Amino acid sequence: MVATAASQSPLTGLPRRLIQDGVVAEEGLTEALEATKKEGTSLVEYLVSNEMGDPQQIAIAAALEFGVPLLDLDAIELDLDVVRLVSEKLLSRYNVLPLMQRGKRLYVGVSDPTNLQALDDIGFQTSLRVEPIVVEQNKLDGHVNRALEAVDTSMSSFEEDDFDLENLEVSGGDDDLEDDVSSSEIDDAPVVRFVNKVMLDSIKRNASDIHFEPYEKFYRIRLRQDGVLTEIAKPPAVLAAKVAARLKVMARLDIAERRIPQDGRIKMKLSKNRAIDFRVNTCPTLFGEKVVCRLLDPTSASIGIDALGYEEDQQELYVEQLKKPYGMILVTGPTGSGKTVSLYTGLNILNTADRNISTAEDPAEINMPGVNQVNVNPKVGLTFASALRAFLRQDPDIIMVGEIRDIETAEIAIKAAQTGHLVLSTLHTNDAPKTLTRMVDMGIKPYAIASTVSLIIAQRLARRLCSNCKQPIDVPKEALIKEGFSEKDVEEGITVYSAEGCKQCTNGYKGRLGIFQVLPVSDAIGRIIMEGGNSLQIADQAVEEGIPDLRESGLKKVKDGLTSLEEINRVTID
């Protein structure tokens, strides 16, 4: 009877198939067709939303009628890179889901293959040949929503209510510069909101750097959290130029210049009492400008020496040397190891009304009231060396040099330390003993080094284990001894913890702590320097004097349950 009724029905196509297969009654289908014409919705969406037919049977009927493949969405794992090929606007408007790409073909999940407008628009946007695959309407709704959340470049973890993104107070680093960019070049509200969200989210996550990276077929944004880069967003590649331009406008850089690197600064005022500075650098790459923003939080200089991670005896050595009226304290380590925070923590201790403190940096990362800070600018002749010469004519007590890079700067710094000034600076070496031989290699006289350098601090930053989820693990005694623990420590018992991960942390870690080698330059080490000794001899002498190296300091943090053995192996060399 059903077949006879279907043969006599004036309906064709999918409606006829639905009646023929007994999925929907003819009377109900006629009503549905009239309703879809009035509401402008598809027949399949109307039938499923009004529970007029089984979604699976409707999908099977559609696949048979149009000769299109049928797919169960619950049986596959979405490829978010493919989903990102289609704009969120089209996904939401047509309720479709990109499933896979094979060469120049893009396969898209649809509940109604007759929706040719959707296929045409997606093909126009992606420049691909779009092939439909029939999926069940009820499953499609859920999967599209989840896909939109997964690729949501606004980062759903960010709480918009915390800040007014539209009117966030942002200024460039040089207030005396005029912003000559026309409003039409920056009046792209979605991009403005997106960049603000990324920057605020980086603050919320305690990130140290933001990387905006353009590539040939995609664009990604990563944050460095606790020393490790994590991808947080993968917006459409077409946004790369707009995001870079927005950041350059915020940092008061030349948006028309895309051939050379540029440096700038952004100040973001979060409240009346708190502002965060971003140091901005652009670099031209093959597929656009990569922009890296380093977060500079002024509050990091006032956290106190107790919070840096020094052992008690190491802290005493540092504070003792800071009390001396002259000499040189050097902090060494790779980029991002916390050297600046260590130096500014020391300056914060010394920053009193009876001392004249001057710093030369490239650039000044932390603003400290009471300290005379100078940004070096080699383009106009303001180098570290010329800044130091000027400082020596301004009755200084304490001088901080951002980095000793050349023989001229080193000689002036040594001279300042010899003539009654306390000098603080940094060098890029792997450990404390190598710092002394590095200065000799630069051309500094050994006797000048031995008589002026009083303390060397080598440091690394390691991720701190989350106290909420860390778990003890069993490690064989032989393995512990091989890692560097003493037989005495192993016999007494060492509890090693591993990173597990929970909602309160990132992959089992939360925050960072410093690992230090604090080496005072003793008379014996001074003699080794003057006799032309190498870094191995200095290291052996340090061991004789009971100075732990970076590895030993790291193992002490493991023994105390503050970090994992894997993390110490990552940041130190055995």
Side-chain angles (χ1 to χ4, degrees), residues 227 308-311 313-318 321 327-343 345-346 401-405 410 413-414 423-442 444 446 449-450 452-463 482-486 512-559 562-563 565-574:
L308 292 180
Y310 287 96
E311 300 296 335
D313 55 338
Q314 293 176 334
Q315 182 177 320
E316 288 178 1
L317 283 171
Y318 189 19
Q321 295 299 325
M328 180 179 286
I329 298 174
L330 295 173
V331 181
T332 183
T335 301
S337 60
K339 300 187 298 295
T340 301
V341 173
S342 283
L343 285 176
T345 300
V401 187
E403 182 183 348
I404 294 178
R405 298 176 178 172
I414 290 286
V423 179
L424 291 78
S425 189
T426 69
L427 272 177
H428 285 283
T429 56
N430 289 328
D431 58 21
K434 288 186 176 68
T435 303
L436 295 168
T437 54
R438 166 84 175 109
M439 295 186 74
V440 174
D441 292 341
M442 290 175 66
I444 305 298
I449 299 171
T452 55
V453 179
S454 55
L455 186 73
I456 303 170
I457 301 172
Q459 67 181 76
R460 300 288 189 277
L461 285 178
R463 291 179 291 174
K482 188 176 180 180
E483 289 290 348
F485 289 102
S486 67
R512 288 193 285 181
L513 73 160
I515 299 170
F516 302 93
Q517 179 185 21
V518 182
L519 177 65
V521 180
S522 62
D523 292 340
I525 291 177
R527 281 195 294 273
I528 293 173
I529 298 169
M530 295 182 68
E531 292 170 1
N534 57 38
S535 60
L536 293 177
Q537 293 173 293
I538 297 171
D540 290 340
Q541 180 61 37
V543 171
E544 286 185 22
E545 296 178 9
I547 305 298
D549 60 18
L550 283 168
R551 179 73 181 179
E552 291 177 73
S553 297
L555 294 176
K556 175 69 165 55
K557 297 291 192 290
V558 174
K559 183 180 175 182
L562 298 176
T563 189
L565 193 55
E566 293 83 2
E567 182 66 6
I568 293 305
N569 288 333
R570 184 180 72 86
V571 300
T572 66
I573 301 173
D574 191 2

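The shown structure was predicted, so the numbers you read here are calculated from the model rather than taken from an experiment.
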>> By the definition side-chain hydrogen bond (donor to acceptor under 3.5 Å, both in side chains), identify the one residue from Arg512, Arg463, Lys557 that meets it with Glu567.
In response: Arg463
> Between Tyr318 and Thr345, is a side-chain contact (heavy atoms from CB on, under 4.5 Å) present by the stated rule, with each step listed?
Replying inline: CA-CA 11 Å; Tyr318 189 19; Thr345 300; 5.6 Å; no
Between [X] (side chain) and [Y] (backbone), is there a donor-acceptor pair under 3.5 Å?
| X | Y | result |
| --- | --- | --- |
| Glu483 | Leu565 | no |
| His428 | Thr332 | no |
| Thr426 | Gly402 | yes |
| Lys339 | Pro334 | yes |
| Gln537 | Asn534 | yes |

With a 4.5 Å cut-off on side-chain heavy atoms, are [Y] and [X] touching?
| X | Y | answer |
| --- | --- | --- |
| Ile525 | Leu519 | yes |
| Leu562 | Lys556 | no |
| Glu545 | Ser522 | yes |
| Leu455 | Val521 | no |

Shortest non-hydrogen contact between [X] and [Y], atoms and distance:
| X | Y | value |
| --- | --- | --- |
| Thr437 | Gly533 | CG2-O, 4.1 Å |
| Phe516 | Leu308 | CE1-O, 3.6 Å |
| Ala432 | Ala458 | N-CB, 3.6 Å |
| Pro433 | Ser535 | CB-O, 3.6 Å |
| Ser337 | Leu461 | O-CG, 3.3 Å |
| Ala462 | Thr563 | CB-OG1, 4.4 Å |

>> What verdict does the side-chain contact (heavy atoms from CB on, under 4.5 Å) test give for Tyr310 and Leu513, after you've listed the backbone C-alpha separation in whole Å, the side-chain angles of each residue and the deciding distance to 0.1 Å?
In response: CA-CA 9 Å; Tyr310 287 96; Leu513 73 160; over 6 Å; no
Nearest-0.5 Å distance that lies between atom [atom1] in [X] and atom [atom2] in [Y]:
| X | Y | atom1 | atom2 | answer |
| --- | --- | --- | --- | --- |
| Ile456 | Met328 | CD1 | CE | 10.5 Å |
| Asp441 | Thr429 | CG | OG1 | 11.0 Å |
| Ile444 | Leu436 | CD1 | CG | 12.0 Å |
| Ile449 | Ile529 | CD1 | CD1 | 6.5 Å |
| Glu552 | Glu311 | CD | CD | 11.5 Å |
| Ser553 | Gln459 | OG | CD | 11.5 Å |

>> For Asp523, is the CG atom crowded, meaning more than 12 foreign heavy atoms sit under 6.0 Å from it?
In response: no
> Quick one: do the Ser454 and Gln321 side chains pair a donor with an acceptor below 3.5 Å?
Replying inline: yes
> What's the verdict on side-chain hydrogen bond (donor to acceptor under 3.5 Å, both in side chains) for Thr572 and Arg551, showing C-alpha distance, side-chain angles and the deciding distance?
Replying inline: CA-CA 6 Å; Thr572 66; Arg551 179 73 181 179; 3.2 Å; yes
> What's the verdict on side-chain contact (heavy atoms from CB on, under 4.5 Å) for Asp431 and Gln517, showing C-alpha distance, side-chain angles and the deciding distance?
Replying inline: CA-CA 8 Å; Asp431 58 21; Gln517 179 185 21; 3.6 Å; yes
> In a check of side-chain contact (heavy atoms from CB on, under 4.5 Å) between Leu424 and each of Leu330, Val331, Leu343, which one passes?
Replying inline: Leu343
>> One pair to check against side-chain contact (heavy atoms from CB on, under 4.5 Å): Leu427 and Met439. What are the steps and the verdict?
In response: CA-CA 9 Å; Leu427 272 177; Met439 295 186 74; 3.7 Å; yes
